[in-house]
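We use all heavy atoms of the structure for the numbers below, so side chains are in, but hydrogens, waters and symmetry mates are not.
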Amino acid sequence: MLSKKIQDALNAQINLELSSSYHYLAMAAFFESTSLPGMATWMKVQSEEERLHAMKLFDHMCDRGGKVVLQQIAQPQLHFDTPLSVFEAALENEQKVTGAINSLYALAQQESDYPSQVLLQWFITEQVEEEKTAQTAIDQLKMAGSDASALLMLDQQFGGRSAAGVE
């Protein structure tokens with residue numbers, strides 16, 4: 001059985017993951033509106049990954065007799081200045097999620113909740129990859145600068161991203 005502290009924290013993390021999914025979907029819409037369909041695809045894949053992360057936590061809670069309490073999701077940012085600013089916002093979001101996962105893991109340790117620690121170890125590893133992927137996109141966009149042909153090449157490259165899936 002989950003402690004109330006863990007249950008509340010897991011519900012908050014589910015909300016954060018769903019909120020992240022929603023934010024990435026808004027980023028995809030921005031890219032669609034600016035004729036960068038590859039980057040839109042990248043963000044759609046990211047949105048789906050975040051939704052799957054929420055479901056992984058959702059299932060963990062249900063499997064352990066917890067009560068999932070879905071919370072309101074705030075409206076995401078709808079406009080960005082440049083593709084680079086979108087990916088910088090994505091990295092900032094991932095860093096926020098990493099901090100929340102780390103805090104949740106620390107709570108699971110305090111509560112001696114070993115099953116949650118095992119689950120959260122997967123998320124800790126996943127967040128390293130999430131931040132690295134966003135940082136790589138930022139680095140590449142910075143290299144491209146204002147070169148339209150380089151931006152279009154990156155758009156095509158980003159469009160090749162496919163969902164990695166959640167174990």
Side-chain angles (χ1 to χ4, degrees), residues 1-33 39-80 83-139 158 161-167:
M1 189 73 175
L2 293 167
S3 74
K4 175 148 177 41
K5 284 183 182 178
I6 293 287
Q7 184 170 278
D8 290 347
L10 286 170
N11 274 313
Q13 191 65 38
I14 288 170
N15 180 265
L16 183 57
E17 299 290 344
L18 290 173
S19 180
S20 292
S21 176
Y22 204 43
H23 281 79
Y24 285 120
L25 199 55
M27 292 173 181
F30 171 78
F31 282 129
E32 289 288 354
S33 73
M39 292 183 194
T41 295
W42 195 100
M43 291 297 172
K44 288 175 192 174
V45 169
Q46 190 64 30
S47 176
E48 181 60 14
E49 280 189 15
E50 300 304 328
R51 190 191 68 76
L52 292 171
H53 293 169
M55 292 308 301
K56 192 173 184 89
L57 294 164
F58 181 102
D59 291 342
H60 176 76
M61 284 188 63
C62 291
D63 290 349
R64 299 200 48 222
K67 181 178 180 185
V68 174
V69 179
L70 297 177
Q71 303 161 23
Q72 184 173 349
I73 297 173
Q75 181 178 20
Q77 181 177 347
L78 301 175
H79 181 75
F80 300 89
L84 177 60
S85 69
V86 177
F87 280 93
E88 287 172 338
L91 177 59
E92 186 177 306
N93 182 71
E94 291 304 331
Q95 291 168 334
K96 178 181 174 182
V97 171
T98 297
I101 291 289
N102 291 345
S103 294
L104 187 51
Y105 186 84
L107 178 61
Q109 286 181 313
Q110 288 173 354
E111 295 284 309
S112 298
D113 184 340
Y114 303 110
S116 290
Q117 288 177 46
V118 171
L119 172 72
L120 292 167
Q121 185 60 54
W122 180 90
F123 278 92
I124 290 167
T125 302
E126 176 70 4
Q127 283 309 117
V128 170
E129 185 269 330
E130 297 278 8
E131 287 187 29
K132 178 181 183 266
T133 300
Q135 185 63 59
T136 298
I138 288 168
D139 293 345
F158 289 2
R161 182 179 187 204
S162 60
V166 175
E167 299 165 1

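The closest side-chain donor-acceptor pair between S116 and R64 falls under 3.5 angstrom. Using modelled atom types, one finds no donor on one side chain facing an acceptor on the other under 3.5 Å when comparing Q135 with E94. Residues T98 and E131 bring a donor and an acceptor atom of their side chains to less than 3.5 Å of each other.
Under the 4.5 Å side-chain criterion, counting only non-hydrogen atoms from C-beta, Q121 is in contact with Y105. When side chains are defined from C-beta on, I138 counts as touching L91, because their heavy atoms get closer than 4.5 Å. Contact check for T41 versus R161: no side-chain heavy atoms found under the 4.5 Å cut-off.
Ring pair H79/F30 is perpendicular by interplanar angle, where above 60° counts as perpendicular and below 30° as parallel.
Side chain of E50 to main chain of E17: no donor-acceptor pair is present (N/O by atom type, distance under 3.5 Å, no hydrogens or angles). Using a distance-only test at 3.5 Å, with no hydrogens or angles considered, no donor-acceptor pair links the side chain of E111 to the main chain of S3. A donor-acceptor pair is defined here as one N or O able to donate and one able to accept, closer than 3.5 Å; no such pair exists between the side chain of D113 and the backbone of L107. Although no hydrogens or angles enter the test, the distance criterion places no donor-acceptor pair under 3.5 Å between the side chain of N93 and the main chain of A89.
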Hey, mind stepping through Y24 and F31 against ring-ring contact (aromatic ring centres under 6.0 Å, His included) and telling me if it holds? CA-CA 11 Å; Y24 285 120; F31 282 129; over 10 Å; no
Criterion side-chain contact (heavy atoms from CB on, under 4.5 Å) on E32 and K44, from CA distance to verdict: CA-CA 11 Å; E32 289 288 354; K44 288 175 192 174; 3.0 Å; yes
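By the 4.0 Å N-to-carboxylate-O rule, K132 lies too far from E129 to be salt-bridged with it.
Under a cut-off of 6.0 angstrom, the local environment of CZ in F80 is crowded, with over 12 non-hydrogen atoms contributed by other residues, nucleotides or ligands.
Between H60 and W122, the ring center distance fails the sub-6.0 Å criterion.
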